[in-house]
Protein chains: 2
Amino acid sequence: MKSIRHSIEEKSWLGWLFFGLTVAVVFLLGLLASSIVERRAEAVFAYTPQVDIREFEPRNEIWGMNFPRQYQSYLQTADTSFRSRYNGSAFIDMLEVDSRLVVLWAGYSFSKEYNQGRGHYYAVQDIHEILRTGGPAAPDEGPMPNTCWTCKSPDVPRVMSEVGVEEFYRGAWAMCGPEIVNIIGCADCHDPETMNLRITRPALLEAYNRMGKDIQQASHQEMRSLVCAQCHAEYYFKGEGNYLTFPWDNGFSAEEMEAYYDGYDFADWTHPLSRAPMLKAQHPDYEVYVTGIHAVRGVSCADCHMPYKSEGGVKFTDHHIQSPLNNVASSCQVCHREEREKLVDNVYQRQEQILGNRDQLERLLVRAHVEAAEAWKLGATETEMEDILTGIRHAQWRWDYAASTHGGSFHSPVELSRLIGTAIDIVQETRIRLARLLIRRGYDGEVPYPDISTKAKAQAFVGLDMKALNEEKQYFLENIVPGWLQEAAEREAAW
Amino acid sequence: MKSIRHSIEEKSWLGWLFFGLTVAVVFLLGLLASSIVERRAEAVFAYTPQVDIREFEPRNEIWGMNFPRQYQSYLQTADTSFRSRYNGSAFIDMLEVDSRLVVLWAGYSFSKEYNQGRGHYYAVQDIHEILRTGGPAAPDEGPMPNTCWTCKSPDVPRVMSEVGVEEFYRGAWAMCGPEIVNIIGCADCHDPETMNLRITRPALLEAYNRMGKDIQQASHQEMRSLVCAQCHAEYYFKGEGNYLTFPWDNGFSAEEMEAYYDGYDFADWTHPLSRAPMLKAQHPDYEVYVTGIHAVRGVSCADCHMPYKSEGGVKFTDHHIQSPLNNVASSCQVCHREEREKLVDNVYQRQEQILGNRDQLERLLVRAHVEAAEAWKLGATETEMEDILTGIRHAQWRWDYAASTHGGSFHSPVELSRLIGTAIDIVQETRIRLARLLIRRGYDGEVPYPDISTKAKAQAFVGLDMKALNEEKQYFLENIVPGWLQEAAEREAAW
């Protein structure tokens, strides 16, 4: 009996231990629950609306009162310090980096000035300052149509709602100078009522309609790319009304869009050297992205360029839209378990593999333009030049599609490389025709490659009066823009 | 007191429960341990040597006695049923699929017959049967050197050890007919003593030595690619002794190997149409692989082509060397969590993106050869033709590098696409020179593209007497090969 009692006492001791442990675990669980509840409260608190946001509210700072984290991260798009990798300057003057561009775009405004984009924050300032928009002194003056504003500001959907879309596209760029002042922001992609993503620019919706697709059926994940695609896409200004249109009716590929433009006999401009009817590609970022493996795997633009972030108890989308290479830990490394340096190297390796042939293609295009100019000089006929001009048009379009897209060497390296290969073939076949034509007209040998080794030399070669353009811009910035901003400030003060 | 006693009894009940649970868990742990020990025993049993394997043992079935799983899986390389995707036949006659090859390789034995490899199992049978080796009736006859055997059989290191490496390479291919009969297998990659991977062919070791690298320092994971690289690499037959040599001294890339060959003024043959000094690329699989993302991530050839497999309690390397597309679950899906169909589609998409430009490059090369032939016919001089012939040589080398490698569109699509782009540029620049030269010599316009729409037409165009070649081969297979096999069987019976 004693041993049994002893045994019971032992078991009893074990029981107490078990009981004590349970108490400790339950206490810790309580602490955890309390912590969770606290953090949720903080999250809920952050999202309690402080102000009512009206439809078409263009001022990001108003939205920022309700969504301070998104707004504050958005403001970081002002930071251009990552550029120190290149030259320490916020600007990268692409015509200085690659002066061949001046010749390829001769006769078109991009030959005046073309810089690498430096962040959404600067959209309005940059369109004021760039030489492409000239120096209009009155609302109906200047080289550019009002359509050029379309992607620059959340004031655009506001003005469109007031004057109508067609009316917006009509008229000169200076027309809306006093109206469009707020930088790209909240209202461009969000519904002020529900905060859902929404498309605010007509061109994408219209392209979807023409393709028989309903954008209302797009998933939230698809919208996380489509709101970007409103602007980061290929487009052209259709007809006299400069109606902004996506050439997507046949499909997204460079060849399909080329066929679309050929079908319309559309040309952005005529090249002054070769007299070819040229096409200018406008950063077909979405089109290139959809051909790449990340799109195939269902990764959206926002997944890499606006990855999730945590602050306090709140997980939110980082609105500091930027290159994932500046933010590898939150973008690439979410899926790819490799060292940052390795991942960045992999990107640059792809770029290098693409850039060699792209640069060579540019040299060949420069040659084709100057050889065609020589042929005209020697009395070539329209009939003799017809196929040659088509060849130059197609080769340069494919080059521009590959060159003007942002990050294309990473987004879809195989597709870009393929396209550059087809363009090299086309431009060289064209130069075979030119060689035969030139020799028939008495020119035997290589037409000398022009000295375009610097931006200044290239701009002189294509006959640009840079002094006049710069002076006109200076006058405009000092005398016209301040009036625009003043007028806008008064209007907004009255809201 | 009663309530305390009651409480003690309750706790005592809890103690018994705790005790019972512990007993159950310990029992289950025992079962698990027993299961592990049992499986280890089975594994150890399977690897107890049944026979001693002597150095240079070429008979795979002898090795198979000790390693039945590896051997039996190796025998599956005889299975060609996956080919039904193409035409249901075990053979894919590449000259039938793409008759341009006949013109590009005119004057070289590949224009006679070129089939897609169908598995290591067939290596010896295929080299007997292919028209390229002709129909030698005596040991010193036939078009091919003995070097051609080098990668076909584990009899090769055996014979090399007997006669010496240089002596092996010297002499005609028929010399070793009775010696080389065992198909590619165990002794090609394994040390019979330790079963470690080892390099048995001199060329790779010699190339490493010339590069100042020590292959003894290679890790096991590197060896899982390097044993493949002994044969799946670019090589040439150097000098009169046909010494098999890797052109790696400047590096692995197509441009670096091109510079190596140019430095030696080496040519595999002279093209009968263009008279260009040509280079034939020999499946530079390892060189292309090292430029791709899988190599960069440390994935070896064996990881995808010979993935691990479990049978019973034994995990072993599947020696059924095959396309990972036939074995997605054990290869791709170990890392990539995507549906099989999607992964396979991704591979084919890359192939399609590469093949368009590759095919166009072939058409341009055919044109360049016939245009050069026309130029010679019209009296072009050696001096006039010099740059043109170099252009054809370089463009076709780069094409062949991209075309002859196995699976290159998957292993390194960006690199192959880049290379094809450079080749298109070079061949077209060459055709510009040809256009000028032809017109100077009185030929204005396009030289007609030959009718090479079928293999038969293409072989007639380049002047091959296929009837004679086939009859010679038939005689050889019926009258010479049986004697070789008989002699070998007698030799092996005496071992």
With only heavy atoms counted, which part of A:L434 is less than 4.5 Å from chain B, the side chain, the backbone, both or neither?
neither
Heavy-atom distance under 4.5 Å between the side chains of B:Q428 and A:I424, does that happen here?
no
Proximity breakdown for B:I420 and chain A, heavy-atom pairs closer than 4.5 Å
neither
Less than 4.5 Å apart, side chain to side chain, heavy atoms only: is that true for A:I354 and B:R418?
no
So what's closer than 4.5 Å to chain B heavy atoms on A:R297: side chain, backbone, both or neither?
side chain
Using a cut-off of under 4.5 Å on heavy-atom pairs, state which of B:D345, B:T422, B:L361 scores highest against chain A.
B:T422
Distance in Å, B:N357 CG paired with A:S417 OG, rounded so as to fall on 0.5 Å steps:
8.0 Å
From A:R367 CZ over to B:E429 CD, what is the distance, rounded to the nearest 0.5 angstrom?
7.0 Å
Are there over 12 heavy-atom neighbours, none belonging to A:E339, within less than 6.0 Å of that residue's CD?
no
Using a 4.5 angstrom heavy-atom cutoff, name the option from A:L17, A:V296, A:N346 with the most pairs to chain B.
A:N346
B:E341, CD: over 12 other non-hydrogen atoms inside 6.0 angstrom
yes
Given that the side chain runs from C-beta out, which part of B:Q353 has a heavy atom under 4.5 Å from chain A: side chain, backbone, both or neither?
both
Which of the residues A:R350, A:Q349, A:R440, A:K342 is involved in the greatest number of heavy-atom pairs with chain B at under 4.5 angstrom?
A:R440
Report which part of B:T291 has an atom under 4.5 Å of a heavy atom belonging to chain A: side chain, backbone, both, or neither.
backbone
Considering all heavy atoms, the nearest B:A435-A:I432 contact
CB-CG2, 4.0 Å
Quick check: are there more than 12 heavy atoms from other residues, nucleotides or ligands sitting under 6.0 Å from CZ of A:F18?
no
Give the minimum heavy-atom separation between A:D425 and B:L364, together with the two atoms involved.
OD1-CD1, 3.4 Å
For B:E446, is it the side chain, the backbone, both or neither that has a heavy atom under 4.5 Å from a heavy atom of chain A?
both
May I ask you to name which of B:V427, B:V414, B:L416, B:L419 has the most heavy-atom pairs under 4.5 Å with chain A?
B:V414
If one checks every heavy atom of B:L438 against chain A at 4.5 Å, the contacting part turns out to be neither
